Protein chains: 2
Amino acid sequence: MPSYTGPVDDLQFVIHDVLRITEQNVPAYEELDRDFTAAILGEAAKISSEVIAPLNVVGDKEGVHLENGVVRTPTGFKKAFDQLRDGGWTGLDCDPEYGGQGMPYILTVATGEMFSAANQAFMMYPGLTHGAYSAIHVHGTDAQKQMFLPKMVSCEWTGTMNLTEPQCGTDLGLMRTKAEPRDDGSYLITGQKIFISAGDHDMADNVIHLVLAKIPGGPDGIKGVSLFIVPKLMVNEDGSLGDRNALSVGKIEEKMGIHGNATCVMNYDGATGYLLGEAHKGMRAMFTMMNEARLGVGMQGLSQAVAAYQNAVIYANDRLQGRAVTGTENPEGPADPIIVHPDVRRMLMDQKSFIEGARAFGLWGGTLIDKARSMGDDEAEGLISLLTPVLKGFLTDQGYDMTVQAQQVYGGHGYIEEWGMSQFTRDARIAMIYEGANGVQALDLVGRKLSAKGGKPAMTLFAILKDFCKDNAEDEEIAKHFIEPLKGASKQLQEAAMYFMQNGMKNPNHALAGSYDFMHLFGHVCLGYMWAQMAIAAKAKLAEGTGDATFYETKITTGRYYMARRLPATAMHLQRILSGADTVMALDAANF
Amino acid sequence: MPSYTGPVDDLQFVIHDVLRITEQNVPAYEELDRDFTAAILGEAAKISSEVIAPLNVVGDKEGVHLENGVVRTPTGFKKAFDQLRDGGWTGLDCDPEYGGQGMPYILTVATGEMFSAANQAFMMYPGLTHGAYSAIHVHGTDAQKQMFLPKMVSCEWTGTMNLTEPQCGTDLGLMRTKAEPRDDGSYLITGQKIFISAGDHDMADNVIHLVLAKIPGGPDGIKGVSLFIVPKLMVNEDGSLGDRNALSVGKIEEKMGIHGNATCVMNYDGATGYLLGEAHKGMRAMFTMMNEARLGVGMQGLSQAVAAYQNAVIYANDRLQGRAVTGTENPEGPADPIIVHPDVRRMLMDQKSFIEGARAFGLWGGTLIDKARSMGDDEAEGLISLLTPVLKGFLTDQGYDMTVQAQQVYGGHGYIEEWGMSQFTRDARIAMIYEGANGVQALDLVGRKLSAKGGKPAMTLFAILKDFCKDNAEDEEIAKHFIEPLKGASKQLQEAAMYFMQNGMKNPNHALAGSYDFMHLFGHVCLGYMWAQMAIAAKAKLAEGTGDATFYETKITTGRYYMARRLPATAMHLQRILSGADTVMALDAANF
C-alpha cells in the first residue's frame, strides 16, 4: 500500500525563507512564526499520514453505496472525519465568530495540500463544506449565518454546491431547476442536479445544499439564476433538526476515481430553500468564492502528484533491475536500484521540480488571497484573479501528468491496483474537469482575466517579473541558470499576450485558439519565477551557513533542472499561439 | 455506450495513394489492389463495429474471473472469438502451410488497428497467440510446427508469452524459473511468471505458453535464458489433447484497465516443456518477433485514440453549451454545439492530426516489415529496427494523451464510467508499459538502434528525409506549410543524434538522459514526414479531379494543423536533450 509523508520542511522553506510571510504586512501573519507553523504543519502531516492516508485505498476499493436512500461511506471514514473535526481542522481559516480558528488562508493551502495528498476523495467532504461556508459567510443574512455556520465550521453539518444539470454544465444559463417563492419568504425548489460531490453521506447530521435555480419570471439565461440554501433536514428555530426536506439522492455515479466520495444525482421535489444573497445574483455569489475553490482544486492536482512521487521514489530506490551504465553501484546486490538509470531520474526530476515549484506557486496564491481578503488589497485581488485559472488549469494538468509519470516508474506494477499507483492517476484526473474544465479556465484567463481592469493585473505581473529579473542579475550563477531563462520565458508570455491583443480584436478566435497554450505558457513562467526565488533563498541560506546545506543545495539543483528541462516548453506554446486560429477553425464540423 | 466505425477510407488512402503499395516491388503486394483491400478492410470494419466493439464495455464491467482454476471471460467473448476464427482473421498473415491466409503483414496492421480500437482487451487473446505463432514458426522444429501451428493459426489453441517474474521485468537476467532436462529431451519447468496476458481463459481448447527459463549449469544472466513451449494440456502424438500439464493460474491481477483480458500469475510446478530454438538463445528467439509485437502495441496506442476521438467528435457535435464567440451558429437551439468553441476544436484537431499521421506511420512500418520478411531487404530491416521503438513508444504515449483529450471533451461526463470514455484512457495506459516500458524503448533507440550497423539505418533515414524535402520543394504551398517545417525538424533530429555521438562517448548518461525526448522528437519528425506525404498525395488527387475533394482538402488542412501546432514540440525536445545529463544525475538518490 502506498505511504504518504507530509512535506513539512518544504512548506516551511517556502513560507518562511521564500515568501517570508512574517515580514509581510498582512494581518495575523506576524504571529505565524517558524515554530508556530511548524507545530501546525507537523500536526496536519501526522494526521494526514497516520489517519487519512491509510483510508485512501480503502475508499477506492469499497467506494460509496446508496442504501435505502442513504449514502454509506467506506470503512473508517466516519472515525477519521471525527478526528479531523475534533482537531478543529475543518474551520482552520474560518471566522472565530462561528467557531473557526481564524487563521490566515495560507495555512489552509499548506495543510490542504497534505490532507488532499493523503486522501482526495475523503477531503472533498470538508472541502465542499468550506466552499458552502464561504458563500453563506459572505452573502448570508445574520440569521442564516447564525443558523448554519457554526455547524458547518465544525462540519457537524457538511455542505455541497449544486450547479450542474444534465443539459447544462459550463453554460449555466440553460438551467431548468426552478425556485418558486412562497408566502413565508422561502422557496420551493424543483429540479435535478448532477455531479454533486459529497452530495450525501453518513458522517454528518445534516447536509446543507447550496443550489442554483431560477425564480420564474426572472431574466433569461445566466442573469436569472439565484442561489439557495436547501438543507437535507429542516432546521428549527432553536437550531434543532426537524423533518426531512423534499430532496433525495437519485443515484451515485460510477466514476474513474475518487470512489470514496459520493458523486450524487440530487432530486429536488419541491424542497424548501432559502434565498442566499440577492435574487438573480446567484452567479455573483458563486464567483466570490471561486478563487479559493479553484486554488483548492489546483492544490489537489499538486497533491496527487506529491503522493505519487513519494511512492515512486521509494520504489525506484528499492527495485533492483539492470546496472548503471556508468558502472555498478550496488555490487552486493543482483542488480542496481532503478534510480541509477537516467530515464528513471528524468521522470523523478520532472515530478520533483514540478511539485516544489507548484507548491510555492500555490502558497504565493494563498498570500494573495489573504491580502485581498483581510486587507482589501486591490493589487492582490487583481493578481489572484489573474492567476486563479493558471493555478487551477496548469497545476491539475501537470499534476495529472506527473501521476502518470510516477506510475510509469513502477513498470507493470504501476498498472496493477495492488500497488496503488493507478488510484493516484484516476483520482487526479477529475481535478482537470471539475470546478470549471481546464479549457474553460483557459477561456477565463484569455477572454476575461487578461483584459480585466484594463489589463492592470497583467501589467502588474509583467512588472513584477521584470523588476525581479533586474534586481537579481548580479549573482552570476543565479543570473545564468535562473534569471536569463526566466527573462526569456517572460518575454514570450508578453509576446503571446500582445498577439492576443492585436489579433483578438479582429477575430476573437485568434485569441481563444491559443488560450490553452497560453495557460500553460503562463504556468511555466510562474513556476520559473518561483524556482528563481527558491534558488535565491536557498543560496542565501547556504551563505548564512545555517540549516541543512544538502536541503538548500538540492533546491538549487532541482531548480536548475526545471529551468533547463521544463521551462523550454514556453517556446513551443508561443509558437502554437502565434499560428493563430486558421488551422484550428478551418474544418467544417462535418469533416472531423 | 461508445460506438466505433472502422476508418476504411483513411486506410485506403494511406495504402494506395500515399504508400502506393501495388507499385512497390514486394511479393504479394501486386494483388492488393484497391478493390481487394476495400473488401478485406470493409469486412474487418464490419466485424469490429458490430461484433467486437459492443463487447468492450461488457468486458470492462464484468472483467474476468478465476473459478476453480479456470478463467471465465466476459459474456459474449467466446461467441465473438468464434466469429473471428471462422472468418479466418486470426491467421490473416500466417503461413498457408499451417492454415494461414498468407496475406502481407500490412493488412494485419490495418485490420489490427480496427480490431484493437473496437476492443483492445479482447484482441489481446489472438494478439498474443500471433506472437507465439511467430516464435514457433521461426524457431520451431518441423515436428513442433506441425504439432502446434495449425491450431494456433486458427486460434483453436491460443498462445502466451511468459517473461516477467516478480523480481525481474526489464532485467531478464535475474530470472529464476528453471528448466531441468529430462531423458526424453523434454524439460521440467519450475517457477512463477507474472503479468501473463491472456494467461488462461475459456475460449480455446488449449493454451500454448512460451516460457523463458534457465537450464541449470548454463551461462549466468541473460545469456543463460532459453525459450520453452509449455502447453496447458499435453498434446498427444496424434494431435489429440492429453493430460493437464503441471501448471496453474495463481491469480488474476486487478488492473487499471483491459479488464476483459486475463492478466495471470502463472505457476509452473514441474511442467513439461519443449525447448524452442537453441538452448541459452531464448532472448534471440524473443527478439525475432519483437519488431512486429512492438509495432502491434504502438497500433494499440493509436487504436484507443481513434475510438476515443470518434466518440468525442459525436459528443462535440451533439452537446449544446454556450454560443460561438463569432456569432450564434445554431439559432434554433438553446445553445451551439461545443464543436464551435476554439478550444474544443484544438482538442479534436490534436487528436485527428495525431491519429491520421500515426496511422500512416504504422502502415509504413508494416511495409518495411513485409520487405524485411518476404524479401530479406536489409535496408528495410535496418529501418524498421530503428523505427520500432519510436512506433511503440511515441504512438502509445501520444495515443494515451489523446484518449485523455477525448475524455476532456466530455467534461464531467468523461469521468463517469457510463459514457465509456474513462475506459479508453484506462485501457490505453497499459500500452505505454508492456512489451518494454516506453523508457526502455527510448533506451533501445538511443543505446542500440541509433548506432546499429555503424549507424547505417539512421543515415538511411536522414537521407530519405533530405531527398524527400529536396524533391518536393517546388510546390509553393507544400513547401511552405510542409517541407520547410519538416526540414527544420529533421535538422533538429540530426543535431540531437550528433550530440549523443559527441557526448555519449565521454559519458553515456549524456545520451541516455535525452533518450526519451529523442524518441518523441523522432516520432514528431516521422509524423511530419507522413503528413507531408499525405498532403502531396491529397493535392495530386485534387489536381486529378477524381474522388471526394472534401476528403483531400480535409487531409491538407489537418496536415497543416499538425505542422503548425504539433511539430513545434521538436525544438523543446532538442533543447532538453542538449542540456545533457548534469541536472538529471546531480542529486544523490537519498535527496529525492
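Keep in mind the model is a prediction, meaning the values are calculated, not measured. So that the names make sense, note that chain A is the first sequence line, chain B the second, and so on, each numbered from 1.
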Residue [X] versus chain A: region with a heavy atom under 4.5 Å:
| X | value |
| --- | --- |
| B/S515 | side chain |
| B/F551 | neither |
| B/A437 | both |
| B/T558 | side chain |
| B/T425 | side chain |
| B/L512 | both |
| B/L174 | side chain |
| B/Y410 | neither |
| B/A513 | both |
| B/V313 | side chain |

Original post:
Out of B/R346, B/R565, B/R566, which residue meets the salt bridge (Lys or Arg N to Asp or Glu O under 4.0 Å) rule with A/D517?
Top reply: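 By the salt bridge (Lys or Arg N to Asp or Glu O under 4.0 Å) criterion, A/D517 pairs with just one of B/R346, B/R565, B/R566: B/R565.
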**OP:** Might you confirm whether atom CG of A/D548 has over 12 heavy atoms from other residues, nucleotides or ligands at distances under 6.0 Å?
**Re:**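 It does: A/D548 CG has more than 12 such atoms within range.
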**OP:** Give a yes or no on this: more than 12 heavy atoms of other residues, nucleotides or ligands lie within 6.0 Å of atom CG of B/D220.
**Re:**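 Not more than 12 within 6.0 Å, no.
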With distance as the sole test, does [X] use its side chain to make a donor-acceptor pair with the main-chain N or O of [Y] at under 3.5 Å?
| X | Y | result |
| --- | --- | --- |
| A/R429 | B/V404 | yes |
| B/D171 | A/G322 | yes |
| A/E254 | B/E417 | no |
| A/R345 | B/L587 | yes |
| A/Q575 | B/L567 | no |

Original post:
Which bit of A/Q167 is near chain B, if near means a heavy-atom gap under 4.5 Å: side chain, backbone, both or neither?
Top reply: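 For A/Q167, the backbone is the part near chain B, not the side chain.
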Original post:
Do B/T583 and A/R560 have side-chain atoms, one donor and one acceptor, less than 3.5 Å apart?
Top reply: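 No, no side-chain donor-acceptor pair sits under 3.5 Å.
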**OP:** Determine whether A/I258 and B/Y415 make a side-chain contact, defined as any pair of heavy atoms from C-beta on separated by less than 4.5 Å.
**Re:**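 They are in side-chain contact.
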